[in-house]
Amino acid sequence: DAEIDGISLIILHEDIAGIAQSFLAAGGHLRPDQWFILRQCLADTIAVLPSLKGDAWVYFARLHALAQALLRSAPGVGHS
C-alpha cells in the first residue's frame, strides 16, 4: 500500500472517487460526513503532491482539482 506521510494513496483515491460518484448519483448532494471527508481529502492531496512525480503527480493533481470542484458546491460555501 503506497503511503506518503501516513496517507494511503489508495484510500485517498477511493475516498475522492467514491464521494464524486455519490455526488453525481444524489444530484449534487452529499451527507455532512461526506463533505467533511472531502475537505480532509483535499488537505491530503496537498500533502502528498510534492512527493509525487510523473503520472502519479498528474493523477493526484486531477483528484485534487475534482475535490476542489465538488467543495465549491458545498452548502454554506460562498461563491465569490
Side-chain angles (χ1 to χ4, degrees):
D1 193 21
E3 277 194 15
I4 296 172
D5 295 334
I7 298 165
S8 165
L9 298 181
I10 292 169
I11 292 172
L12 183 56
H13 150 79
E14 288 175 351
D15 281 349
I16 295 173
I19 289 172
Q21 287 176 330
S22 294
F23 181 87
L24 292 172
H29 298 286
L30 292 174
R31 298 184 316 266
D33 63 306
Q34 290 173 309
W35 289 120
F36 178 83
I37 292 166
L38 195 56
R39 285 185 191 93
Q40 184 59 53
C41 288
L42 189 68
D44 288 349
T45 59
I46 292 168
V48 302
L49 277 170
S51 300
L52 298 173
K53 292 180 175 51
D55 290 344
W57 186 92
V58 171
Y59 184 78
F60 281 91
R62 287 179 180 157
L63 283 178
H64 174 81
L66 174 60
Q68 274 188 317
L70 291 169
L71 283 167
R72 278 191 209 106
S73 65
V77 173
H79 296 279
S80 55

S.K.: To the nearest 0.5 Å, how far apart are OG in S73 and NE2 in H29?
M.R.: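 That separation rounds to 9.5 Å.
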S.K.: Let me confirm one number: the CG-OH distance from L9 to Y59, rounded to the nearest 0.5 Å.
M.R.: 10.5 Å
S.K.: Can you label the angle between the W35 ring and the F23 ring as parallel, tilted or perpendicular, going by 30° and 60°?
M.R.: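 Plane angle over 60°, so perpendicular.
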S.K.: Is any side-chain heavy atom of E14 closer than 4.5 Å to a side-chain heavy atom of I10?
M.R.: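 Result yes, sub-4.5 Å side-chain heavy-atom pair found.
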S.K.: Is there a path of hydrophobic side-chain contacts, each under 4.5 Å between heavy atoms, that joins I46 and L49?
M.R.: no
S.K.: Quick check: closest heavy atoms across D5 and A47, and the distance to 0.1 Å?
M.R.: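 Closest pair (atom of D5, atom of A47, distance): OD2-O, 4.4 Å.
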S.K.: Determine whether L71 and F36 fall in the same hydrophobic cluster, where Ile, Leu, Val, Met, Phe, Trp and Tyr are linked whenever their side-chain heavy atoms lie under 4.5 Å apart.
M.R.: no
S.K.: Enumerate the salt bridge (Lys or Arg N to Asp or Glu O under 4.0 Å) contacts for residues 16-33, please, sequence neighbours excluded, ordered by first and then second residue.
M.R.: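 Qualifying pairs: R31-D33.
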S.K.: Report the distance from atom CG of L12 to atom CG of L42, rounding to the nearest 0.5 Å.
M.R.: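 Those atoms lie 9.5 Å apart.
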S.K.: Determine which pairs satisfy side-chain hydrogen bond (donor to acceptor under 3.5 Å, both in side chains) with at least one residue from residues 42-51, sequence neighbours left out, and list them in order.
M.R.: Q40-D44, T45-H64
S.K.: Could you give the distance from CG (L63) to CD (Q68), rounded to the nearest 0.5 Å?
M.R.: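 So the gap between those two atoms works out to 12.0 Å.
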S.K.: Are L70 and L30 close enough, and set up right, to give a side chain to side chain contact (heavy atoms under 4.5 Å, CB included), and what steps lead you there?
M.R.: CA-CA 10 Å; L70 291 169; L30 292 174; 5.6 Å; no
S.K.: What heavy-atom pair brings R39 and A74 nearest, and what distance separates the two atoms?
M.R.: NH2-CB, 3.9 Å
S.K.: With rounding to the nearest 0.5 angstrom, report the CD1 to CZ distance, I16 to R62.
M.R.: 14.0 Å
S.K.: Could you grab the distance from atom CD1 of I37 to atom CG of D15, nearest 0.5 Å is fine?
M.R.: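 It is 6.0 Å, given to the nearest 0.5 Å.
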